[in-house]
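Note that the numbering runs from 1 along the sequence shown for the chain.
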Amino acid sequence: MSTLRFHAIKESLAYKPVVIEEKERRSDLFGKNVFNENAMRQYLTKDAFIGVMSAVQYGKKIDRVIADQVASSMKDWALSKGVTHYTHWFQPLTGATAEKHDAFFETVSEGMAIEKFGGSQLVQQEPDASSFPSGGIRNTFEARGYTAWDPTSPAFIYGTTLCIPTIFVAYTGEALDYKTPLLRALHAVDDAATEVCRYFDKNVKKVTSSLGWEQEYFLIDKALAVSRPDIALTGRTLLGHSAAKGQQLDDHYFGSIPNRALNFMRDLETECMLLGIPVKTRHNEVAPNQFEVAPIFEEANLAVDHNSLLMDIMGRVASRHNFKVLLHEKPFAGINGSGKHNNWSLSTDTGVNLLAPGKTPMSNLQFLTFFINTIKAVHQHEALLRAAIASASNDHRLGANEAPPAIISVFIGEQLTKVLEELEGVTKGKLSPQEKTELKLNVVGKIPDVLLDNTDRNRTSPFAFTGNKFEFRAVGSMANCGNPMTVLNTIVAKQLKDFKVEVDILIDKKGLKKDEAVFNVLREYIKSTKDILFEGNGYGKEWEDEAKRRGLSNNKTTPEALKARVSEQTIKLFEEMNVMSKIETKARYEIEIEAYSMHIQIESRVLGDIARNHIVPTAVKYQNVLIENVRGLKEIFDKKFDAVSKEQVKLIEEISNHIEGINANVTKMIDERRKANTMEDIEKRAVAYCNKVKTLFGDIRYHCDKLELLVDDELWPLTKYRELLFTR
């Protein structure tokens, strides 16, 4: 009997659920552990409060005197809640969050001590940067890096630690995190969108990018997860035969949430409320033991911070409930993987969602301006958007018949397609009064009437318009949202900037009125972006062939996709928009391409270990049992031996063939891995891991999974899919 597997099953079945009592209303809990505007009003001086709010709203610098006041007040607030330490909380390019805790405690003369926290400690710290990815920006021995306070994302308390969201930069000033480029991109889109908004409303002073993420995840019993070396080390199952029942009955999606999972969710939501994460939605997802949590929309930088924090919290809360949270995009073969849909929009400080159709022709002209410019931006930079979601784990999900394909396209629905077709027919140049009236009343003015029909969904579209926002559906569940949000906001900022130049030329040099100039430019954009619009099924060769004809990229693997990261177009884009320098852009490419190789390398090592040290010995052990059985049959039946032992002998032969298949392919995989490891060129190494090493995973898995069906269940060492997915 496989001791570890059956002990894990026994432990999981004996587990008693943690009972969660919700004694306070969500609205009363919300933000209790956040140094938000309400807390600042209570603890800050008037000058300090104005200083922080000016930094948050207008990006004004906080001087050191104000910083000292803020630090002192923040410390008093934290101490009142039992806090003992503080940390600069940041998001390095590892994909995880990072923190180094320091106590408020400091000694003074004559053996006395005080709690101390000053402006210098709030504003800046110097963590060791040598062990964080830098993409060649720094040598390993050049360890200095700086974290700097981001006042636009409020400090929060987790446990007994005050966490201060910060950026993370090298000593030489280059960004070493996800937050710094995101803040620059948000500034760029604010500037560009505000300028365009003033065509329609002179009162607009600021445009904010908003994000609402939908986090999908699996909940697996902790004891069962720990019994699987592949889950423990890679976050997914590298082998395992599909359970007889999977998701084919569609009985899990939106079904009644299992009690144990529901208790986890309630506990998680309480933690989120205290930390100001506005989670609102929870439900079963399509696959067994798969779920989703989603918040109310927030400003993009804060939303990214909250999603990163949520992923940390999920693991800690899950442990209390004897669960393991799997955030890998494809932890189980044969059933749906997990994504993180990024719902994105732009809003003005006057309260207008720029991607929501309005009630007047003028407001709808504004809507169409931002709607069409976003489509144009995606068309211009579709390969870069694909690169922004590229990872070893997301490669398993994209195009896997439950997720968007690797080809980036835009879905807008039948009704808005008709609107664009009518706009395409706008007269070039000046419009007659009659044309202007017909256009505004019959085309632009009709948009509110089609709003309900316009929100249809296409689950295979990577980038879909869903009524008042665009939904970037191809983002992976493990991803830091900062990466795709940086790219999306940058390309839209660039496009809006170019749009304004074109419109102004028509107004200043061609003598067109503002509306005419806008219509003329939008008309040309509609004509030039048709190739990116796609309403059909994104799966299969038919769409791949059509996409190729349209000139759209189809980068199925991360090494292919990441090339767009360092194209001349991308480098020029980021430099022009002041989002990333050439050095920073190339560094990120190196970090991501190396991370890809390392992920495949780890999976290869784990798979080889499990196959040879777990599966093969188990198969041999069972084969020996069969051999003894055959010998016994020969002694008993003699002349009838061939007839009565035929199936056992056949089974022994099958097992031998699968053992040979495993060993041969593992040997080949190790050889290919060694060759890849000798390659100094990081791009060639990644391609080798992708095309030579990873391609052998399927062959090894095939033989292992076949043995799972042949070997005695009591001998099988690995917890099976049916146990992982249906133990609740």
side-chain hydrogen bond (donor to acceptor under 3.5 Å, both in side chains) filter on S567, not counting sequence neighbours, yields T570
Under 6.0 Å between the ring centres of F104 and Y86?
yes
Passes side chain to side chain contact (heavy atoms under 4.5 Å, CB included), T208 versus L346? Steps please.
CA-CA 6 Å; T208 300; L346 296 171; over 6 Å; no
Decide if the gap between the ring center of W89 and the ring center of F156 is smaller than 6.0 angstrom.
yes
Rounded to the nearest 0.5 Å, what separation is found between the CD atom of E106 and the CZ atom of F117?
11.0 Å
Salt-bridge contact K32-E24 (side-chain N to carboxylate O under 4.0 Å):
yes
Taking atom NE2 of H85 as the centre, report whether more than 12 heavy atoms of other residues, nucleotides or ligands fall under 6.0 Å from it.
yes
Are W344 and F472 an aromatic pair, judged by ring center distance below 6.0 Å?
no
So side-chain hydrogen bond (donor to acceptor under 3.5 Å, both in side chains) across residues 56-75, not counting sequence neighbours, yields T45-Q69
Expected output: side-chain E329 to main-chain S477 donor-acceptor under 3.5 Å
yes
If the condition is side-chain contact (heavy atoms from CB on, under 4.5 Å), which residues does S210 pass it with, not counting sequence neighbours?
F297, S345
Sidechain N-carboxylate O distance under 4.0 Å for E590, K586
no
Do other residues, nucleotides or ligands put more than 12 heavy atoms under 6.0 Å from H599 NE2?
no
Straight-line distance of W213 CH2 to N342 CG, nearest 0.5 Å:
10.5 Å
Are the charged groups of E592 and R565 less than 4.0 angstrom apart, N to O?
yes
Would you please indicate yes or no on a ring centroid separation below 6.0 angstrom for F470 and F371?
yes
Using a strict cut-off of less than 4.0 Å between a Lys/Arg side-chain nitrogen and an Asp/Glu carboxylate oxygen, indicate whether E271 and R266 qualify as a salt bridge.
no
